[in-house]
Number of protein chains: 2
Amino acid sequence: MTKVKETSVIQANKQAAFNECPVTYVMEKIGGYWKPIILFQLLSGSKRYSDLRKAIPAITEKMLIQHLKQLEADNLVVRIAKPVVPPHVTYSLTKTGANLKPVLYAMAVWAVSDSKENSKVFARNLKNFPGIN
Amino acid sequence: MTKVKETSVIQANKQAAFNECPVTYVMEKIGGYWKPIILFQLLSGSKRYSDLRKAIPAITEKMLIQHLKQLEADNLVVRIAKPVVPPHVTYSLTKTGANLKPVLYAMAVWAVSDSKENSKVFARNLKNFPGIN
DNA sequence: CATGATACATACTATAGGGTAAGTACTTGT
DNA sequence: ACAAGTACTTACCCTATAGTATGTATCATG
């Protein structure tokens, strides 16, 4: 799960921000490219591992379990495995995970209003668009 | 301002998530270690560059302007420079930036409740704490 | 005439985290 | 005996982003 160096300024800063800034705390848990997308999928109910894969075709299996494990460690999702063969594993939100709903909703609301009223965004989008220039 | 490679899978994925996932959209704008902290400082009113530096002692000047420039490009903060010597520059939130307040507040609320009811968090904190082990 | 204050800029290094590709275990179906 | 399905694991590479260190312009003041 991609080891972390114990001695590094960047980790120390992260830790400091993590301890002091609640926003950083939240982003440590739902940040990254895939976590919000996974959480979004689970907001609509518990899903099997393979269902998540199908629902998010672009994600690699490594990223998927890696983030699921992290979310589990952070107590945002629960893993339930039936001891059968072939394996049957479902993931669902914990209460804490479900409590994120208003947060995600607030973010979505802001995102929509911002992308409407802010045209500079699109300029920057285009500038960074891969495969152009 | 740390150039970005045009052709990279990670950029493409970012772009895709950016276009489709509003949460990712928001996190592209307020993510990173320092942005939330800077925004928090500006929530209480406009500040000079040097005041921000003093308010956030751990930040390096490079990180500070880099993020201020990004926030400005994203239309979350405005830069006002008085043409005097020595320079006098103040930063403040735009309307869009100020609209983030409920989002940041929702995150903070969740963070507090989560860190109270979730003891695993502190275990993980301690495990990652720099200078131990 | 050198120093200090302010608001940056820039070259280089380090690291966290994402991406690719391939392998594992176990059993049922052909 | 071999492929197929499920839920992972592991080894290796690449890139985005943070950190370090130093430099720049302008003017007032001692």
Side-chain angles (χ1 to χ4, degrees), chain A residues 1-18 24 27-38 47-54 56-70 72 77 79-91 128 130, chain B residues 1-18 24 27-28 31-38 47-54 56-70 72 77 79-91 128 130:
Chain A
M1 206 139 93
T2 38
K3 297 225 174 98
V4 169
K5 244 208 156 186
E6 287 87 357
T7 282
S8 90
V9 177
I10 168 168
Q11 279 302 340
N13 280 343
K14 219 170 194 171
Q15 194 63 38
F18 186 77
T24 304
M27 282 194 300
E28 273 294 296
K29 285 161 188 297
I30 69 172
Y33 304 164
W34 299 112
K35 274 193 204 161
I37 299 173
I38 295 171
K47 294 223 164 59
R48 290 188 67 176
Y49 176 82
S50 53
D51 290 334
L52 286 170
R53 245 181 27 211
K54 280 168 212 154
I56 315 171
I59 201 172
T60 62
E61 298 210 59
K62 183 197 168 192
M63 286 294 106
L64 184 53
I65 20 110
Q66 184 174 305
H67 286 126
L68 283 171
K69 297 284 172 196
Q70 264 181 55
E72 199 194 353
V77 309
R79 196 190 93 113
I80 294 160
K82 287 183 193 164
V84 295
V85 150
H88 184 103
V89 179
T90 56
Y91 290 91
N128 291 344
Chain B
M1 202 142 95
T2 39
K3 297 224 173 98
V4 168
K5 243 209 157 185
E6 287 87 359
T7 281
S8 92
V9 177
I10 168 165
Q11 277 303 108
N13 280 344
K14 220 170 194 173
Q15 194 62 39
F18 186 78
T24 304
M27 283 196 298
E28 273 294 295
Y33 306 163
W34 301 111
K35 275 192 205 162
I37 299 172
I38 296 171
K47 294 224 164 61
R48 290 189 67 174
Y49 176 84
S50 53
D51 291 334
L52 286 171
R53 246 181 27 210
K54 280 168 212 155
I56 316 171
I59 200 171
T60 62
E61 297 208 60
K62 185 197 169 192
M63 286 296 106
L64 184 52
I65 20 111
Q66 183 173 307
H67 286 126
L68 283 171
K69 295 287 172 195
Q70 263 181 57
E72 198 193 354
V77 309
R79 195 190 94 113
I80 295 159
K82 288 183 191 163
V84 295
V85 148
H88 184 103
V89 179
T90 56
Y91 290 91
N128 291 343

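Here is how names work: the chains are called A, B, and so on, in the same order as the sequence lines, proteins then strands, and each is numbered from 1.
Side-chain atoms of B/R79 lie closest to C/dA7 of the nucleotides D/dG19, C/dA7, D/dT9. Nearest nucleotide to the side chain of B/S8, out of D/dA7, D/dA16, C/dA7: D/dA16. Between C/dA9, C/dA7, C/dA5, one nucleotide has an atom nearer to the side chain of B/V89 than all others, and that is C/dA7. The B/W34 side chain lies nearest to D/dA18 when the options are D/dA18, D/dA11, C/dA7. The side chain of B/M63 lies closest to D/dA18 when the candidates are D/dA18, C/dG19, C/dA7. In this structure, the nucleotide among C/dG19, D/dT6, C/dA5 sitting nearest to the side chain of A/R53 is D/dT6. Nearest nucleotide to the A/Q66 side chain, out of D/dC8, C/dG18, C/dT6: C/dG18.
Going from atom CG of A/L52 over to atom C1' of D/dA7 covers 12 Å, rounded to whole Å. For the pair A/M27 CE and C/dG17 P, the interatomic distance rounds to 13 Å; values are reported in whole Å. Rounded to a whole Å, the CD1 atom of A/I65 is 13 Å from the P atom of C/dG19. Atom NZ in B/K54 sits roughly 10 Å away from atom C1' in C/dA5 (whole-Å rounding). Counting to the nearest Å, the C1' atom of C/dA16 and the CD atom of A/Q70 are 11 Å from each other. Between A/K62 atom NZ and D/dT10 atom P the separation is 12 Å, expressed in whole Å. Put simply, OH on B/Y33 is 7 Å from P on D/dG19, counting in whole angstrom units. Whole-Å rounding puts the B/E61 CD to C/dA11 P distance at 17 Å.
Inter-residue side-chain proximity for B/L68 and B/L52 is flagged as met; some heavy-atom pair is nearer than 4.5 Å. Put simply, the side chain of A/Y33 does not reach to within 4.5 Å of the side chain of B/M27, judged on heavy atoms.
Residue whose closest nucleotide on DNA chain C sits further toward the 5' end, between A/T60 and A/P87: A/T60.
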Next on the checklist: Before you tell me yes or no, could you show the steps for B/I38 and B/I59 under side-chain contact (heavy atoms from CB on, under 4.5 Å), namely the whole-Å CA-CA distance, both residues' side-chain angles and the distance that decides it to 0.1 Å?
Outcome noted: CA-CA 10 Å; B/I38 296 171; B/I59 200 171; 4.3 Å; yes
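The side chain of A/Y91 places an N or O atom within less than 4.0 Å of a non-bridging phosphate oxygen (OP1 or OP2) of D/dC8. Residue A/H67 has no polar side-chain atom (N or O) positioned under 4.0 Å from OP1 or OP2 of C/dG17. Side-chain nitrogen and oxygen atoms of A/R48 include none within less than 4.0 Å of the OP1 or OP2 phosphate oxygen of D/dT6.
Expressed to the nearest 0.5 Å, how far OH of A/Y91 lies from CD1 of A/I65 amounts to 8.0 Å.
The side-chain contact (heavy atoms from CB on, under 4.5 Å) search around A/A81 returns A/R79, A/V89, not counting sequence neighbours. The side-chain contact (heavy atoms from CB on, under 4.5 Å) test applied to B/V9 returns B/N13, not counting sequence neighbours.
A/G31 and A/P36 get closest at one heavy-atom pair: O-CD, 4.5 Å. The two residues A/K35 and A/E28 make their nearest non-hydrogen contact at NZ-O, 3.3 Å.
For the helix from C/dC1-D/dG30 to C/dT30-D/dA1, the end axes, each set by the C1' atoms of five terminal pairs, are bent relative to each other by 30° (nearest 10°).
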